[in-house]
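Pasting in a structure now, in structure tokens, and then I'll have a few things to ask.
Computed from a predicted structure; not experimentally measured.
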Amino acid sequence: MQTVSYKMVLASNSPRRRELLAGLDIPFEVRVADGIDESYPETIPAHEVARYIAGEKAAAYCKTIADDELVITADTVVVVGEKVLGKPKDAKEACSMLRELSGKTHRVITGVCLITRQEKRLFDVTTYVTFKPLTEEEIRYYVNRYRPIDKAGAYGVQEWIGYIGVTNLSGSYYNVMGLPVQRIYQELNSLTGGIR
């Protein structure tokens with residue numbers, strides 16, 4: 001397979017996604033389009049929501065992508081039962097989400113889209129995370145101290161709540177942080193013919 005050299009573009013405001021992608025030692029720039037709709041039809045099954053939103057985000061770049069660019073979009077959701085937990089709108093909703101996750105196993109699903117002028121790869125990665133039963137004091141401490149309003153499911157696994165609350169994790173840890181870098185590395189190698 002012929003090696004293709006692309007300029008990588010990460011279409012995300014997330015500092016965690018920037019940090020994770022930088023860990024692959026692949027040069028990239030960050031470019032974020034304005035006004036991207038992150039809503040989804042209620043008829044979509046919970047396990048398909050992240051992939052759907054990642055695809056919609058990618059569609060916003062179709063008209064502006066250069067011939068030598070590869071754009072990466074992503075979206076992460078937390079699914080408990082069949083209920084999708086996105087980002088909480090305030091501290092009250094964050095506490096409510098953590099109560100729902102307390103003592104249960106949930107799924108963290110990140111949808112990713114890799115798009116060039118010639119090709120589009122859309123996939124998702126699932127990690128199973130189990131929380132111990134959380135006390136009300138622990139929930140309130142975490143929400144008040146860490147303000148997880150920008151995080152799906154109202155928590156960051158790399159923060160205090162992950163240290164004290166996560167009893168089991170099956171799958172990619174980095175996926176729970178917001179970007180399944182191992183799978184992205186694999187897909188980029190396949191798409192470009194080899195980045196290493």
Side-chain angles (χ1 to χ4, degrees), residues 8-24 28-40 44 46-61 71-80 83-102 104 106-113 124-131 134 136-166 169 171-181 183-184:
M8 303 289 174
V9 177
L10 176 63
S12 175
N13 273 322
S14 166
R16 289 168 300 282
R17 289 196 179 120
R18 293 177 194 185
E19 178 187 348
L20 289 169
L21 190 60
L24 292 180
F28 67 92
E29 69 170 274
V30 174
R31 189 185 309 153
V32 182
D34 292 326
I36 293 178
D37 182 11
E38 294 190 24
S39 63
Y40 56 90
I44 292 182
H47 67 276
E48 294 180 9
V49 168
R51 190 169 61 227
Y52 173 86
I53 296 173
E56 290 297 295
K57 287 179 178 179
Y61 293 86
V71 176
I72 303 168
T73 63
D75 190 77
T76 302
V77 297
V78 168
V79 180
V80 57
K83 183 176 182 180
V84 175
L85 302 181
K87 297 172 184 173
K89 63 179 184 292
D90 54 30
K92 183 180 178 183
E93 189 174 33
C95 287
S96 177
M97 286 183 179
L98 288 171
R99 287 185 203 108
E100 285 197 64
L101 299 177
S102 175
K104 297 176 188 165
H106 61 273
R107 291 173 285 164
V108 179
I109 306 171
T110 301
V112 178
C113 189
D124 59 57
V125 173
T126 299
T127 304
Y128 292 85
V129 181
T130 304
F131 269 111
L134 299 168
E136 191 64 23
E137 183 182 11
E138 288 165 343
I139 289 170
R140 291 188 180 281
Y141 172 81
Y142 174 67
V143 170
N144 291 334
R145 175 82 186 267
Y146 289 86
R147 306 294 299 170
I149 308 303
D150 64 333
K151 296 175 176 68
Y155 80 92
V157 70
Q158 72 280 10
E159 295 176 340
W160 182 84
I161 199 77
Y163 288 20
I164 66 102
V166 174
L169 189 148
S172 168
Y173 173 81
Y174 299 110
N175 185 53
V176 184
M177 285 181 67
L179 204 64
V181 283
R183 177 70 183 276
I184 287 173

Show your reasoning for whether side-chain contact (heavy atoms from CB on, under 4.5 Å) applies to R99 and E136. CA-CA 8 Å; R99 287 185 203 108; E136 191 64 23; 2.7 Å; yes
Y142 atom OH, over 12 foreign heavy atoms within 6.0 Å: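 Yes, because the 6.0 Å sphere around OH of Y142 holds more than 12 heavy atoms from other groups.
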Within a radius of less than 6.0 Å around NZ of K83, do more than 12 heavy atoms belonging to other residues, nucleotides or ligands occur? no
Measure the spacing between CD1 of I139 and CD1 of I161 and express it to the nearest 0.5 Å. 7.0 Å
Set out, in order, the CA-CA distance, both residues' side-chain angles and the distance that settles side-chain contact (heavy atoms from CB on, under 4.5 Å) for I109 and H47, then state yes or no. CA-CA 7 Å; I109 306 171; H47 67 276; 4.1 Å; yes
For the residue pair C113 and A58, what are the closest heavy atoms and their distance? SG-CB, 3.5 Å
Decide if atom CD of E29 counts as having more than 12 heavy atoms of other residues, nucleotides or ligands within a radius under 6.0 Å. yes
N/O donor-acceptor pair under 3.5 Å between K57 side chain and A74 backbone: yes
Take R18 and L10, measure what side-chain contact (heavy atoms from CB on, under 4.5 Å) needs, and give me the verdict at the end. CA-CA 8 Å; R18 293 177 194 185; L10 176 63; 3.9 Å; yes
For residues T73 and A54, report the shortest heavy-atom separation together with the two atoms involved.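 What the structure gives for the nearest pair is OG1-O, 2.8 Å.
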For V129 and V166, run side-chain contact (heavy atoms from CB on, under 4.5 Å): C-alpha distance rounded to whole Å, both residues' side-chain angles, the deciding distance at 0.1 Å, then the answer. CA-CA 7 Å; V129 181; V166 174; 4.0 Å; yes
With heavy-atom distances below 4.5 Å as the criterion, would you say the side chains of M97 and V143 are in contact? no
State whether the side chain of S102 and the backbone N or O of L134 hold a donor-acceptor pair below 3.5 Å, judged by distance alone. yes
For a quick test of reading the model, state the closest non-hydrogen atom pair linking S172 to N175 and the distance between them.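 Shortest heavy-atom contact: OG-N, 3.0 Å.
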Kindly compute the distance separating CZ (F131) from CD1 (I164), expressed to the nearest 0.5 Å.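 Going from the CZ atom of F131 to the CD1 atom of I164 covers 8.0 Å.
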With rounding to the nearest 0.5 Å, note down the distance linking CD1 in I44 to CZ in R51.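 It is 9.5 Å, given to the nearest 0.5 Å.
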At what distance, to the nearest 0.5 angstrom, does OG of S14 lie from CG of L179?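 Rounded to the nearest 0.5 Å, the OG-CG separation comes to 8.0 Å.
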Does any N or O in the side chain of R140 come within less than 3.5 Å of the main-chain N or O of C95, such that one atom is a donor and the other an acceptor? no
Whether Y61 side chain and A11 backbone form a donor-acceptor pair below 3.5 Å: no
When rounded to the nearest 0.5 angstrom, what is the spacing between OG1 in T76 and CE in M177? 11.0 Å
Interatomic spacing from CG in D75 to OG1 in T110 - rounded to 0.5 Å: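 With rounding to 0.5 Å, CG (D75) is 8.0 Å from OG1 (T110).
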Using every non-hydrogen atom in the two residues, find where A152 and V78 come nearest and quote the distance to one decimal.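 Nearest pair, atom of A152 first, then V78: O-CG2, 3.6 Å.
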Over all heavy atoms of both residues, which pair between P88 and P148 is shortest? Give the atoms and the distance, please.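 Distance-wise, the nearest heavy atoms are CG-O, 3.6 Å.
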Which residue is it: L101, L98, V108? I am looking for the one with a side chain to side chain contact (heavy atoms under 4.5 Å, CB included) to L85.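 The option that passes is L101.
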Give the minimum heavy-atom separation between Q158 and Y163, together with the two atoms involved.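 Smallest interatomic distance, heavy atoms only, reads O-CE1, 3.4 Å.
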Would you confirm whether T127, through its side chain, and Y173, through its main-chain N or O, come within 3.5 Å as a donor-acceptor pair?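 Pair absent, no side-chain N/O of T127 close to backbone of Y173.
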For the residue pair H106 and Y155, does the interplanar ring angle fall in the parallel (under 30°), tilted (30 to 60°) or perpendicular (over 60°) class? perpendicular
Between I72 and F28, is there a side-chain heavy-atom distance shorter than 4.5 Å?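 No, their side chains stay 4.5 Å or more apart.
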